Protein chains: 2
Amino acid sequence: MNFLDAATEAIRDAGGRFTNQRRIVVELMAGSEDHFDAEELYHRAHAQDESISLATVYRTLHALEDAGLIDQHYLTRDHDRKVYEPAGEAEHYHFTCRQCHRVIEFQADEIDLLRQGLESAYGVRVDRVCMCLDGLCAECRSSGEIG
Amino acid sequence: MNFLDAATEAIRDAGGRFTNQRRIVVELMAGSEDHFDAEELYHRAHAQDESISLATVYRTLHALEDAGLIDQHYLTRDHDRKVYEPAGEAEHYHFTCRQCHRVIEFQADEIDLLRQGLESAYGVRVDRVCMCLDGLCAECRSSGEIG
DNA sequence: GTATGTGCAAAACCTTTGCTATAAA
DNA sequence: TTTATAGCAAAGGTTTTGCACATAC
């Protein structure tokens, strides 16, 4: 099932209404690559329908997050802005270049190990792992380092 | 050298003034366990000297961070608030219990491995790693689970 | 028809900053 | 005396919310 249909169904299953605004926002998400943030979605939605408000974008993001259709992350250590991405992909993490802001996604078995280690060492149950890395990507390293 | 002396010296070395307000804030940090946030420091500083403002607390935190005396982190996935801790301890990370909010600090060799793996796989230079874990601590797990 | 969603503008929240007075050196 | 710092209050930036109206079902 594609993202739009899944979203339609999830929203209706939750007793919600699949409004025109939500349809526009959801379609934009489905057509997005990797990550999107609220403002980005808002600009694009607004271009299609001037009446769409930022509040509606946020409310739609929340509805889909509650439905488990998208996940929220931060990409930078300073956590200045939330980004979202479709849920259900394999667990992965992000590295952001401090210079060109490119994002590299990667998987990390190390985190599973860490998780297990913590569960057995401390008896905790680890629910969520937030990990943001930054530094310089290969290209930016070779063309005049900063920092 | 203790924290107060180190801070005094660092601030003066940077051409700054070691004001009475800064002394109070720095003393409170030195007497703090593990983490502190701006508001917490502010309340405690304000109890000692009513005239101390939150802005001064923040500015002092920045001055010490610039001097490399404290490090800033987030403890929760939602990154709602910055916390600080004295710098120079071994690299470590934090797990926060979603129920009782206790914080468990731990070291993680897995992160070094991950870092090296990324550097060789992608040619990136990893500068900073931000990792926040949450879940339930052992105690909260045994006494009536939530979520 | 009824409950849910919308737009707007204002609030919330933590953090930063402009300005003028103050105080460290 | 000089120059950094203080306090205050206001601004910043993202995200949330109260309210009255609109709309999906």
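What you see is a predicted model, and the numbers here were worked out from it, not measured in a lab. We name chains A, B, ... by the order of the sequence lines, and we start the count at 1 in each one.
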Report yes or no: does N2(B) contribute a side-chain atom to a donor-acceptor pair with the main-chain N or O of L4(B) at less than 3.5 Å?
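Checking the backbone N and O of L4(B) against the side chain of N2(B), a donor-acceptor pair under 3.5 Å is found.
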Side chain S120(A), main chain Q116(A), donor-acceptor under 3.5 Å
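Side chain of S120(A) to backbone of Q116(A): a pair is present.
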Is there any protein nitrogen or oxygen under 3.5 Å from a nitrogen or oxygen in nucleotides 22-25 of chain D, and what are the pairs?
residue : atom : partner : partner atom : Å
dA24(D) : N3   : R17(A)  : NH1          : 3.0
dC25(D) : OP1  : R12(A)  : NE           : 2.8
dC25(D) : OP1  : R12(A)  : NH2          : 2.8
dC25(D) : OP1  : F18(A)  : N            : 3.4

Does a side chain donor of either S51(B) or D49(B) reach within less than 3.5 Å of an acceptor in the other side chain?
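There is such a pair between these side chains.
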Answer with yes or no whether the side chains of H92(B) and E85(B) bring together a donor and an acceptor at under 3.5 Å.
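Yes.
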Look at D127(B) together with R98(A) and state whether they make a salt bridge at an N to O cut-off of under 4.0 Å.
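Yes, charged N to carboxylate O under 4.0 Å.
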With sequence neighbours left out, which residue pairs that include part of residues 10-39 of chain A fulfil the ring pair (Phe, Tyr, Trp, His ring centres under 6.0 Å) condition?
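As it turns out, the ring pair (Phe, Tyr, Trp, His ring centres under 6.0 Å) pairs with a partner in residues 10-39 of chain A, which skip direct neighbours, are H35(A)-H94(A).
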Reckon Y58(A) has a side-chain N or O less than 4.0 Å from the OP1 or OP2 of dT15(D)?
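So the side-chain polar atoms of Y58(A) do come within 4.0 Å of the phosphate oxygens OP1 or OP2 of dT15(D), strictly under.
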Any base atoms under 4.0 Å from R22(A), or only sugar-phosphate, or nothing? Heavy atoms, all strands.
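Touches sugar-phosphate only.
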Take the protein atom [atom1] of [X] and the nucleotide atom [atom2] of [N], then report the distance between them rounded to whole Å.
X: D78(A); N: dG13(D); atom1: CG; atom2: C1'; answer: 13 Å
X: L41(A); N: dT14(D); atom1: CG; atom2: P; answer: 15 Å
X: L54(A); N: dT15(D); atom1: CG; atom2: P; answer: 9 Å
X: E39(A); N: dG12(D); atom1: CD; atom2: C1'; answer: 13 Å
X: I52(B); N: dC8(D); atom1: CD1; atom2: C1'; answer: 15 Å
X: K82(A); N: dT14(D); atom1: NZ; atom2: P; answer: 13 Å
X: D49(B); N: dT5(D); atom1: CG; atom2: P; answer: 17 Å
X: Q72(A); N: dT14(D); atom1: CD; atom2: C1'; answer: 12 Å

Can R77(B) and D134(B) be said to form a salt bridge (Lys or Arg N to Asp or Glu O under 4.0 Å), step by step?
CA-CA 7 Å; R77(B) 199 187 77 139; D134(B) 70 18; 5.5 Å; no
Among L133(B), L75(B), I104(B), find the residue that satisfies the side chain to side chain contact (heavy atoms under 4.5 Å, CB included) test when tested with T96(B).
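Among the candidates, only L75(B) passes.
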Are M29(B) and V103(B) connected, step by step, through hydrophobic side chains (Ile, Leu, Val, Met, Phe, Trp, Tyr) whose heavy atoms are closer than 4.5 Å?
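Each belongs to a different hydrophobic cluster.
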Under a criterion of less than 4.0 angstrom to any heavy atom of chain B, what are the 5'-terminal and 3'-terminal contacting nucleotides of DNA chain C?
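Listing 5' to 3', DNA chain C meets chain B from dC14(C) to dA25(C).
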